2 protein chains.
Amino acid sequence: MIGTRPAGQHTVRRHNAALVLGAIADGPGTSRAGLSTATGLTKATVSSVVDRLIAADLVAEGEPERRAGPGRRGTVVSLSPTGPHGLGIEIGVDYLASCLVDLTGAVRFEEVRYADNRTPRVFQRVSAFLHKARKQAEALGISVGGVGIAVPGLVESGLVRLAPNLGWRDVDLADRLGETFTVANEANFAALAELWHGTALPDFVHVSGEIGIGAGIVLDRALFEGVRGAGGEIGHLPVAPDGPPCSCGANGCLERMAGQDEILRLAGAETVDDLFSALESGSAAALTAVSTAARHLGLGLSTVVNLMDVPAVVLGGTYARLEPWLREPLLAELERRVPSTTWSPVRVVPSALGTGAAVRGAACSVVRGILADPEHHLTTHWPSDQDARGR
Amino acid sequence: MIGTRPAGQHTVRRHNAALVLGAIADGPGTSRAGLSTATGLTKATVSSVVDRLIAADLVAEGEPERRAGPGRRGTVVSLSPTGPHGLGIEIGVDYLASCLVDLTGAVRFEEVRYADNRTPRVFQRVSAFLHKARKQAEALGISVGGVGIAVPGLVESGLVRLAPNLGWRDVDLADRLGETFTVANEANFAALAELWHGTALPDFVHVSGEIGIGAGIVLDRALFEGVRGAGGEIGHLPVAPDGPPCSCGANGCLERMAGQDEILRLAGAETVDDLFSALESGSAAALTAVSTAARHLGLGLSTVVNLMDVPAVVLGGTYARLEPWLREPLLAELERRVPSTTWSPVRVVPSALGTGAAVRGAACSVVRGILADPEHHLTTHWPSDQDARGR
């Protein structure tokens, strides 16, 4: 049905800008002629779009193309290193993190500050942390194109419906902090970061273990959020239905049985670093604690694989570091619980990004948003062409 | 990108035939002029396609259109009641079922024969049952356009990889029975029947309880089969991980804890009819058996809702009849286990089709296949236009 009705001028302009910018992101250092071939647009259209993108500093011109043979050499273009950056903020249960990325998703700076966020003062603290990150960007001469915030909870249309580990219910961060953000579940942001800058897999479940356990499910290179947006919740899968009570009110949830707190408790360790020392020195309690958690994690993940037939599990957060100890008992439980593993094995791989995945995903989602719809960015930041030319 | 390259003649013909036949299925009793409006094709193209579909008996002409005002009245067309029918066969653990449907999906006949199929003689039995159904169709002057077979197991590209309750592993029905079929998991066929001819919901999980428990998940009016096709398996979700051993080798699977056999055992009933008599007379053992099963079912379904945020559960098979007793404990467990039920409640509804859903889905999938690609049907059944005109 596409193409049966003539599209409006604005729609065409919007589509073409996204098409050209996408081609530049996919193939940095391409000439206008190359972009014309890649997009199927005329050279005149490509040139007009590129000029507009350059004026808004989304694209920068580089050296003339290196090419053998006759003919004029075109000037190549790439995403602008000085263009709008994405700022990510993660509100963890016991830390705040920030991350600034350029248009290619490369990290310019990141910071983690540890403090218990289970306090009403958390909003002031986030506000100050955000202000500091903006100042840092300013000092580097970087313009921030938007802010993404990762939270350990269920988010619906920007509203944090429930974040049990922070004690939040129906929290509107835009209202609390006085500006608009891209707010999403930390596990979903982490899975997107893994998709964009980590593993090259098209289909996987990314499970991140911290105090809470979250999962982000990627199917066919896109985030799967379920019918109404609250999908991918694995922290509260019942892995020991008659087990000890969980913070959510139910019993024996995955998070309660295999989260960081339970592993530390079973291992008799104070901190995550203590746990790793104990594991490396072969402590029986630490080894048992991790293999018990791995069995519960395998039980929860067997459900994900049985329901969605996902071919890979990416271990993120603290689980990425624990992977050498988690791997075997986890795979054994998956094989025991998933009939299809006989003919369709499941891979278990550690995240390439580790504990920084969620905040990186929050930052990158801002620049991905600009790349996907540059015209929207142009019209909000450069109200008219006249203005754009004037600057 | 669609429409940027000219499509081949054959592709266009195939597309147009499906488009016109789809419009006829959606609006029976439409004139050629009406079809031209509905599809955007010229009247000449519509007429040529309709003539071809009439020659193959996929479409039949009816009475002249009833219409006020001036102008010539067109002859209306509908799906042909004498056109190719779909035959469905279900291989249950303790029964065989058949169902014949016309092009609209209306049932022409259905039959169920009870017998334990956990025997090597099952293939002979299916062959004889299929032969009998074909004879019945022949006696009614009905042409069978294809056969769909529903099995209680995991199917991959037509191969039954695993059907634990039948003791099958890697069974190729085409090879065993000497003809080709559309083979799929019974729960998936049941969910499709529910989508096409039962509930009008666009997103739901259909869970059917028999000796095994299967689920079919429909998202946005399409079957969700997971990344590699073995998704939607809920029978072996671990609801009592340290519970009694299941036929699959693991422990405390949903099927083991909430399947028909366990309910009968806990209720002290011999047959399903005995169970219903006991429930209706208020037997404490029967009521406890069903509410225990409901709690386990709620535990398993909470997982589906947490992962996929599906807004409705359709109870099929024996569960449809048990719905009055299952409903409350099931909802209570869902509310306890799914954090998002607070703002996004989950509906629980009985299937409109009951135990006949799977075989009906198998039959309907044959006619849906013909409707979706009539050109394929025409070229296999009517090798050339010459032939078609000759008959």
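Residue numbering restarts at 1 for every chain, and letters A, B, ... go by the order of the sequence lines. Predicted, not measured: the structure shown is a model, and the values here were computed from it.
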**Study point:** A:Thr303 side chain reached by B:Pro238 side chain, heavy atoms, under 4.5 Å
**Key:** yes
Point to revise | chain B interface, residue from A:Arg161, A:Met308, A:Arg336 that has the most non-hydrogen pairs under 4.5 Å | key: A:Arg161
Revision key, fill the gap. Interface check, chain B: of A:Pro339, A:Gly232, A:Ser340, A:Cys246, most non-hydrogen pairs under 4.5 Å belong to A:Gly232
Check your understanding: Counting heavy-atom pairs under 4.5 Å to chain B, which of A:Gly226, A:Ser344, A:Gly300 comes out on top?
Key -> A:Ser344
Practice item. Show your working on side-chain contact (heavy atoms from CB on, under 4.5 Å) between A:Thr342 and B:Arg169 and close with a plain yes or no. Key: CA-CA 11 Å; A:Thr342 322; B:Arg169 189 178 279 276; 3.6 Å; yes
Review point. Got A:Arg337 and B:Pro241 here, is their nearest side-chain heavy-atom distance under 4.5 Å?
Key: yes
Point to revise | Interface moiety of B:Ser302 toward chain A, non-hydrogen atoms closer than 4.5 Å | key: side chain
Exercise for review: Kindly give the heavy-atom pair with the smallest separation between A:Val227 and B:Asp309, and that separation in Å.
Suggested key: CB-O, 3.2 Å
Practice item. Check each atom of B:Val239 against the heavy atoms of chain A and say whether the ones under 4.5 Å are side chain, backbone, both or neither. Key: backbone
**Study point:** A:Leu159, A:Asp170, A:Leu162 screened by side-chain contact (heavy atoms from CB on, under 4.5 Å) with B:Trp343, the one that passes
**Key:** A:Leu162
Exercise for review: State the CG-CG distance between B:Leu299 and A:Asn251, to the nearest 0.5 angstrom.
Suggested key: 10.5 Å
Review point. So what's closer than 4.5 Å to chain A heavy atoms on B:Leu154: side chain, backbone, both or neither?
Key: side chain
Study note, to complete from the structure: Greatest number of non-hydrogen atom pairs under 4.5 angstrom with chain A, of B:Leu307, B:Asp203, B:Leu219, falls to B:Leu307
